[in-house]
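Quick notes on the structure that follows.
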Amino acid sequence: MAELTYRDAVAAGIAQEMERDEDVVFLGEDIAAAGGVFKATVGLLDKFGPERVRDTPIAEQAILGAAMGAAMTGLRPIAEIMFSDFFAVCWDIVVNEIAKTRYMTNGQINLPLVIRTANGGGLRFGAQHSQSIENWAMMIPGLKVVAPSSPADVKGLLAAAIRDPDPVIFFEHKALYPTKGEVPDGEHVEELGKAKILRDGDDLTIAALAAMVPRAVEAAERLKDEHGIECTVVDIRSLVPLDTQTLFREVSKTGRLFTVEENPRLCGWGAELSSLVSEEIFWELDAPIVRITTPHIPLPAADQLEDLTIPSVDRITDTILKSLG
Amino acid sequence: MAELTYRDAVAAGIAQEMERDEDVVFLGEDIAAAGGVFKATVGLLDKFGPERVRDTPIAEQAILGAAMGAAMTGLRPIAEIMFSDFFAVCWDIVVNEIAKTRYMTNGQINLPLVIRTANGGGLRFGAQHSQSIENWAMMIPGLKVVAPSSPADVKGLLAAAIRDPDPVIFFEHKALYPTKGEVPDGEHVEELGKAKILRDGDDLTIAALAAMVPRAVEAAERLKDEHGIECTVVDIRSLVPLDTQTLFREVSKTGRLFTVEENPRLCGWGAELSSLVSEEIFWELDAPIVRITTPHIPLPAADQLEDLTIPSVDRITDTILKSLG
Amino acid sequence: MAKKTEKNNDDIGEDVRLALYRSQQEVRQLEKRAYDLFLQNLIKGTSHLCIGQEAIAAGFATAMKPGDWSFCTYRGHGHTLARGASMTGVLGELMGRECGLLAGKGGSMHLTDVEKGAMGSYAIIGAHLPIAMGAAWKAQYKKTGEVAVCFFGDGTTNIGAFHEALSMSATWKLPVVFVCENNLYMEYTSIGDVTPVEHPAADRAPAYGLPKIIVDGNDADAVYRAARTAFDLARAGGGPSLIEAKTYRHHGHSRADPGKYRPDDEVKAWMARDPIPFYRQRLLDFGVSEASITAIEEEVAAAVNVATEEAKASPPPSQDLILKDVWADGGWAWRN
Amino acid sequence: MAKKTEKNNDDIGEDVRLALYRSQQEVRQLEKRAYDLFLQNLIKGTSHLCIGQEAIAAGFATAMKPGDWSFCTYRGHGHTLARGASMTGVLGELMGRECGLLAGKGGSMHLTDVEKGAMGSYAIIGAHLPIAMGAAWKAQYKKTGEVAVCFFGDGTTNIGAFHEALSMSATWKLPVVFVCENNLYMEYTSIGDVTPVEHPAADRAPAYGLPKIIVDGNDADAVYRAARTAFDLARAGGGPSLIEAKTYRHHGHSRADPGKYRPDDEVKAWMARDPIPFYRQRLLDFGVSEASITAIEEEVAAAVNVATEEAKASPPPSQDLILKDVWADGGWAWRN
Ligand SMILES: Cc1ncc(C[n+]2csc(CCOP(=O)(O)OP(=O)(O)O)c2C)c(N)n1
Ligand SMILES: Cc1ncc(C[n+]2csc(CCOP(=O)(O)OP(=O)(O)O)c2C)c(N)n1
Ligand SMILES: [Mg+2]
Ligand SMILES: [Mg+2]
């Protein structure tokens, strides 16, 4: 095991797969010579050369169109959309083309591609560079949606995404880039669609994703230490495919579900989880399902304001305590 | 009262407001000389002239950018996006610019504008011209979201949207354009954010929107006639603002909620309604909340396949019966 | 078959000319049949015929090699057919039958036949330009010599994706040929009313460092020559071309449109320039016998009849297709 | 104040020249202060300085009338300031204080001061070009004579929104002036490496029926003259202009970037063409006294110091702002 940053785990995952398969190519803005604006792809140009690691103009539709066209003719491209907010300028290629083409063509076209992007808030970048948009992707049939919370998962899930025969939207959380963690040595590949139980407790279940995972864990520790409340924490990791088995098992065990999401409230993935639970395991519930989200507002920029907006350890803890009454 | 088609109610609503206020202008593809590809805007060019009713190139970012720039400098533009699927090519202007600018500028900028669009399936147009995307809009803070089910609501809610000081996404359902209904004579303006109870029954509550409303009503009639089951049917009409008071009241009354939505399953607005109910009026529920949705797939084109995919009267009825056991 | 005259033994040659004529006939006759079928309400949804624009489909497809890729729009029946897709598959798809190219899942606007290199029909304006570019990127990276061809209309030149694809393709010198079929109209709006330059594609070419190329889109020979030149350039590593082919659609934009917004004399002038009688006359001028021409026409007519019957006889798609092929494993599961 | 020499009494004139110099000084000194403040960690988030590009902001703003509108990017401190926004408001926003132009809700990338005609700073590449066009549409419809000016970088010329806005503005002959500040780089990538033409904006102008216009973006007089010409054309109903101003940023793209990807001699050559000493020398050449120049510089320095103190003294924004101004009623309610 080596300790890696979340940032370095990105380059490690890509390198592992590019070494293995020469059909894996990588394109995006400032990703090659500069190593990415978040420095998550440093070294790849040197290792794999400019034919496989290509800087593009600022033209996100061209970037994703290129990835799609290359995927359907035999490559396995990785495209970077620098900030997830910029999905809005190439949303058509994602939702109308990449997501639907296999289905519309009755399976004639394969689209093994990955779109990586820096998602989420916390860096005081303001409303157009801080959004959590994993719910945008989840709502579109035909997309797989992954959002790791640790360096090991970054590497292992990114490798899995690259090997997956379907399009995967891979959300890296920009506030997690500097965080560190143990990553298995040698080839490391995880399985898509498996949630991970990070803590086991009988009183309630918290489901979280990406940067909300460490906050949920910290809140759980605080609840235990200060109030003797035992929480199960589930890192959802993959929204599509969704590990409903694990979710249902863990909610059934505790009878209570809290979701912690960075999405603004309306139609966030927490709503989907909530609706699944109250449709399929309603009778296992002992209490209302509570969603902890960013309020339904754009994100403010100033540090104090942003900190109040995105779910914090304090807010998670307080909401749970209030709900337990 | 005159009988109008849903289609003609669009032109009537726009004309009413353009007559009243010369700052109301209207732009889009083929909307002027041709009267719109759905013939919903026939006669407006003749009545108001080419300076107020303008045909544009195929350039949706330009169309919505123009609407936004005009709104922030004093006009009240109406823009048409021909099919709601095309929101994907101008999504940035909608979500990153129009939705966020008032907030980001601390209230300096007003954006009184309406984006009308033909939403939904049923015309065998295939996966790129049939989507229901009202959930795309609902999930974005800063957008109001309206979807009428009757000609009277088309006229009254469109007028209200045009007068509203905030950006409104106005979803017309393309399968409803030929339907007819009574529309009040003279000036007709509804209020945004009020759901409408179309049937009153004590056994269960169905919440529906747009083309799902007449289907829900028909299913309710069938359930009564054939099974003696009394349903309340709520036409949600406006997703943002959302009339949770009416929703909660009607669900509390019956203890059971069924949502009928044309969105593909994941993160549809039904999930949001479900999560609201199971968070805020959990103890009023007598049974699981059941969502009836399009399955989480792109829409197929062939008539028999499309009919199986979008929730039908049969499917609504059967799902409810099965759930009642 | 005519004896090859000297005149018909030029840079194109008689075999290719007969192929060009056959291809145009196939497209024309199939589209006419589609028109009849939707009048009979056997075709649901929408349909965008390319009647009047056949010379472009024929000219390019005839110049392409197996392995080359076509990307087209909702107005793509002709391009798909010209690459060799089966008539039954095309009509079956329009009619929503099991025998359709996509088993009814795509419909008229999304014809695709990957085996023949028909890489899809795209119904969002502009989207397929960057996608075609991506295929060309694969050819460049793998050094396979394949070329991607992307067909689109005049109205498409004003949307953002056009610009992004042209710009990046030119920068990367990708083997992709962009073909603007300028039929003078978007849906119901004249392109001249909404575009600041006369030639919506050609006048933009210099913005990407490319030469202005305009061809007579109603003359299959002219189209074929332009295609050949562009393909040679692409295969030699010379990068993309942007070709504007002037043409006209005889029908309205789609089945819903009678096309009344077009001035009578404009329609008349273009009908007089119908590419098919024009090319028929060229064959005659070049010494091809009336009999061999008629034989082609009759063979095509027979094939269209067979396809029509096959498509009519085909059942609707089986219901379980609905939940198939969202994913490469053949399924649609979004959960375990 | 210098006695007006004949030389300084040309089409620009001394008063305007002094205004141009003052404006450049204000931008330069404020940006330098912003740099100091983020080194002190008093500015969080990101910041994109326009040091080196001040002549463009000054030249355009000075040529604009009250009522005209500026639209700029995240690199917009200079343009906002040049239209008359308060220094305290700008620094306060960068520092996330209550006195900020947006009370901290927007941040460095979104400076806006509607009262002064600074209609917003947009951080998604390309988005504000169609928006500026929309303002121009209002001016055309209401016949008010206002002009919209839209500033953006070289990298922005390759994105779709650029094309859509230019094309529709030219077709509708809207009073909007598009100004490409070509500083040779996107973030860390040279524009030449990703663009198929030499002049990323000017070489595209003919694609919209517009003339190629290139100006020296480091000479405020040249910028001012180009602005005046474009505004006159716009107000006369002659439609949009696209102006490419050649310039260079002295710092990296943003606070995170030391700018190491740029060749030393390129940096050196451009530093030697710093617009501010260059313009100072022009003032001297034109007979303005050293003393009056120094007076301007000192006045600006004093104003920047005052603004810094005011911004530092300002409290963080009040927490209830978070839930304000999603809607025109001042609130954020999405439900009853
Ligand atoms: C992004 C987008 N906007 C609008 C449309 C609706 N639409 C379909 S075809 C068409 C006209 C296209 O004109 P052109 O590119 O000239 O092609 P033609 O139909 O003449 O072949 C329009 C506006 C669309 N499909 N996609
Ligand atoms: C759609 C989009 N893509 C990418 C970015 C990230 N980005 C921010 S600034 C920038 C470079 C812009 O270069 P240029 O237009 O030359 O402006 P400059 O920064 O040089 O002023 C990029 C790629 C963005 N903000 N929006
Ligand atoms: Mg056309
Ligand atoms: Mg630049």
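Chain naming here is simple, since letters A, B, ... match the order of the sequence lines and numbering starts at 1 in each. Quantities reported herein were computed from a predicted structural model and do not represent experimental measurements.
A donor-acceptor pair under 3.5 Å links the side-chain atoms of Asn336(C) to the main chain of Thr244(A), judged by distance alone. Between the side chain of Gln61(A) and the backbone N or O of Pro130(C), no donor-acceptor pair lies under 3.5 Å.
Both the backbone and the side chain of Ile322(C) come within contact range of chain A, judged by heavy atoms closer than 4.5 Å. Both the backbone and the side chain of Asp243(A) come within less than 4.5 Å of a heavy atom in chain C. Both the backbone and the side chain of Gln245(A) come within less than 4.5 Å of a heavy atom of chain C. No part of Leu111(C) comes within reach of chain A, as not one of its non-hydrogen atoms sits under 4.5 angstrom from that chain. Residue contact with chain C, scored on non-hydrogen atoms closer than 4.5 Å, is absent for Leu113(A). For Ala132(C), no part sits under 4.5 Å from any heavy atom of chain A, backbone or side chain. Neither the backbone nor the side chain of Ile58(A) comes within contact range of chain C, judged by heavy atoms closer than 4.5 Å. If you measure heavy-atom distances from Glu22(A) to chain C, the contacts under 4.5 Å come from both the backbone and the side chain.
Taking chain A as the reference chain and counting heavy-atom pairs below 4.5 Å, the highest number among Trp69(C), Phe71(C), Trp332(C) is found for Trp69(C). With respect to chain A, the highest number of heavy-atom pairs below 4.5 Å among Ala165(C), Ala161(C), Gly120(C) belongs to Ala161(C). The residue among Glu115(C), Gln140(C), Glu93(C), Lys142(C) with the most heavy atom pairs within less than 4.5 Å of chain A is Lys142(C). Ranked by non-hydrogen atom pairs under 4.5 Å with chain A, the options Ala328(C), Gly106(C), Ala333(C) are led by Ala328(C). Options Thr56(A), Leu64(A), Val145(A) differ in how many heavy-atom pairs under 4.5 Å they form with chain C, and the most are formed by Thr56(A). Note on Ala135(C), Ala139(C), Ala148(C): by heavy-atom pairs under 4.5 Å with chain A, the leading option is Ala135(C).
Residues Trp137(C) and Leu27(A) form a side-chain contact, since some pair of their non-hydrogen atoms from C-beta on lies under 4.5 Å apart. Taking the side chain as every heavy atom from C-beta outward, Ile124(C) and Glu97(A) approach each other to under 4.5 Å. Thr73(A) has its side chain within reach of Met119(C): a pair of non-hydrogen atoms, C-beta onward, lies under 4.5 Å apart. Side-chain contact between Thr105(A) and Val114(C) is absent, with no heavy-atom pair separated by less than 4.5 Å.
Of all heavy-atom pairs spanning Ala127(C) and Ile93(A), the tightest one is O-CD1, 3.9 Å. In this structure, Thr112(C) and Ile109(A) approach most closely via the heavy-atom pair CG2-CD1, 4.0 Å.
A distance of 4.0 Å separates CD1 of Ile131(C) from CE of Met68(A), quoted to the nearest 0.5 Å. If you take CE on Met168(C) and CD1 on Ile63(A), they are separated by 6.5 Å, rounding to the nearest 0.5 Å. We find the CG-NZ distance between Asn106(A) and Lys105(C) to be 5.0 Å, quoted to the nearest 0.5 Å. Atom CZ of Arg102(A) is separated from atom CH2 of Trp327(C) by 10.0 Å, given to the nearest 0.5 angstrom. To the nearest 0.5 angstrom, Thr101(A) atom OG1 is 12.5 Å from His128(C) atom NE2.
A cation-pi arrangement is absent between Lys144(A) and Trp334(C), since the terminal nitrogen or guanidinium carbon is not both under 6.0 Å from the aromatic centre and inside a 45° cone about the axis. Taking the ring axis of Trp172(C) as reference, the NZ or CZ atom of Arg54(A) stays within 45° of it and closer than 6.0 Å to the ring centre.
Note on Arg335(C) versus Glu272(A): no salt bridge recorded, every NZ/NE/NH1/NH2 to OD/OE distance being 4.0 Å or above.
Other residues, nucleotides and ligands place no more than 12 heavy atoms under 6.0 Å from the NZ atom of Lys173(C).
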